[in-house]
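These notes concern the structure reproduced below.
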Protein chains: 2
Amino acid sequence: MKMSTGVEWAVHCCVVLSQAEDPVPAQRLAEFHGISRTYLAKHLQQLSRAGLVSSTEGRVGGYVLTRPAAEISVLDVVQAIDGHEPAFRCTEIRQNGPLPASPETCRRACGVARAMHTAEQAWRDSLRAVSVADLAAGVLEDNGPQTFDRVREWLAT
Amino acid sequence: MKMSTGVEWAVHCCVVLSQAEDPVPAQRLAEFHGISRTYLAKHLQQLSRAGLVSSTEGRVGGYVLTRPAAEISVLDVVQAIDGHEPAFRCTEIRQNGPLPASPETCRRACGVARAMHTAEQAWRDSLRAVSVADLAAGVLEDNGPQTFDRVREWLAT
DNA sequence: TCAATCGCGGATATCAGATGTCCGTGTTCA
DNA sequence: TGAACACGGACATCTGATATCCGCGATTGA
């Protein structure tokens with residue numbers, strides 16, 4: 001079970017965007033994080049389609065958050081990149097073999113699937129409780145209060 | 001993010017094993033669930049290496065749970081098959097680019113990674129709270145009280 | 001007006017891991 | 001001794017993640 005590395009990129013990009021004053025092009029975001037420009041562009045397009053960022057085309061174009069960072073959860077970003085498919089997908093093997101479960105029984109989800117989905121719900125709840133603004137505050141705490149001033153300065157270069 | 005389908009197979013097999021009186025060969029477990037015999041054998045070997053089941057070789061060999069079903073959690077099975085690697089793997093992109101995080105800062109895990117790991121912990125806690133015995137009880141509830149009698153009968157065939 | 005900068009989507013290439021099979025070996029028991 | 005079983009390794013296949021490139025249209029400043 002593995003999450004796309006694009007999720008990590010996207011979350012970090014959202015934190016940077018939450019501190020930017022102007023649209024930031026994909027090129028800048030890629031440079032800032034030392035990652036592939038073309039591939040990051042794909043992920044930013046996913047964020048755009050999910051409605052988390054809006055893009056402006058043209059010469060001074062780039063990406064901007066569509067909402068305050070406090071209203072964008074980590075779960076929003078994860079699902080924008082990784083999709084909404086559950087990690088566990090029940091293939092209904094209880095319906096196979098010599099003693100298949102009856103159709104009436106199968107109107108309810110399999111007990112195994114229920115346990116897995118409950119766990120994934122707990123996972124989602126945990127991610128939903130953390131916002132991009134929370135992460136930004138954490139960065140300030142870890143790296144010092146002037147961190148984002150330096151970021152803005154570099155972005156303006 | 002996707003969990004191996006082998007996890008589903010393994011959990012169902014553990015439920016069956018919790019109700020068996022004698023060692024059950026991989027062949028029988030595969031037939032019962034209508035799945036690939038050779039591939040299931042691989043997963044059963046993983047369960048064996050993880051210490052959840054023990055195998056007896058030879059003519060009347062097969063698999064048996066090593067502990068009472070109440071002491072085997074769904075998490076145990078998931079980790080036996082899918083491994084212990086976290087779904088989110090931090091690649092430390094905060095150390096890249098023109099404004100890398102300082103080495104002192106990086107003694108602590110990145111805030112993004114902390115949020116992800118907290119969520120995965122919640123997921124594990126949820127899975128740890130459900131045992132194979134719980135699942136077996138659920139099967140009885142869903143399929144009727146004689147379900148496992150029929151299973152044992154078929155296994156004895 | 002023109003050229004540079006940008007986002008967007010499609011096509012494509014590459015690669016790792018999941019999925020699935022097969023075979024040889026060793027073990028147990030009738 | 002032979003049948004049934006577990007085990008591990010080698011192997012084949014297939015899917016999805018990773019990554020790049022191109023052409024298109026939009027925007028802006030010179």
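Here is how names work: the chains are called A, B, and so on, in the same order as the sequence lines, proteins then strands, and each is numbered from 1.
OP1 or OP2 of C:dG7 has not a single side-chain nitrogen or oxygen of A:S48 nearer than 4.0 Å. The side chain of A:T56 places no N or O atom within less than 4.0 Å of a non-bridging phosphate oxygen (OP1 or OP2) of D:dA26. Residue B:Y39 places none of its side-chain N or O atoms closer than 4.0 Å to OP1 or OP2 of D:dT13. Between A:S36 and the phosphate of D:dT20, there is a side-chain N or O to OP1/OP2 separation shorter than 4.0 Å. Here A:S55 reaches the OP1 or OP2 of C:dC8: one of its side-chain N or O atoms lies under 4.0 Å away.
Closest to the side chain of B:P25, from the set D:dC7, D:dC5, C:dG20, is D:dC5. The listed nucleotides are D:dA6, C:dT19, C:dG7; the one nearest the side chain of B:A26 is D:dA6. Of the candidates D:dC7, D:dT20, C:dG9, the closest approach to any side-chain atom of A:Q45 belongs to C:dG9.
Summarising the geometry, the separation between CD on A:E31 and C1' on C:dC6 is reported as 14 Å, rounded to the nearest angstrom. Across the protein-nucleic acid pair, B:E85 atom CD and C:dA16 atom P stand 16 Å apart, rounded to whole Å. A:R59 has its CZ atom 18 Å from the P atom of C:dT1, to the nearest Å. With rounding to whole Å, A:I81 atom CD1 is found 14 Å from D:dA19 atom P. Between the CD atom of B:E57 and the P atom of D:dG8 there is a distance of 9 Å, given to the nearest Å. The nearest whole Å value for the distance from the CG atom in A:L44 to the P atom in C:dC6 is 13 Å. Residue B:H43 contributes atom NE2, which lies 15 Å from atom P of D:dA6 at whole-angstrom precision. For the pair B:R37 CZ and D:dA4 P, the computed distance is 12 Å after rounding to whole Å.
In this structure, A:R49 and A:V60 both approach DNA chain C, and ranking their closest nucleotides by distance from the 5' end singles out A:V60. If you find the closest nucleotide of DNA chain D to A:T38 and to A:G58, the one lying nearer the 5' end belongs to A:T38.
Just one residue in the list B:M1, B:E8, B:K2 forms a side chain to side chain contact (heavy atoms under 4.5 Å, CB included) with A:F88, and that residue is B:E8.
The pair B:R150-B:E153 does not count as a salt bridge, with every side-chain nitrogen at least 4.0 angstrom from each carboxylate oxygen.
A:R67 contributes atom CZ, which lies 5.0 Å from atom CD1 of A:I72 (distance to the nearest 0.5 angstrom).
Residue-to-nucleotide contacts include no donor-acceptor pair under 3.5 Å from the side chain of A:K42 to the base of C:dG7.
Remark: B:R28 qualifies as a cation-pi partner of B:W154 under the 6.0 Å distance and 45° angle criteria applied to the six-membered ring.
Annotation for B:R37: atom CZ does not count as buried by contact number, only 12 or fewer foreign heavy atoms lying within 6.0 Å.
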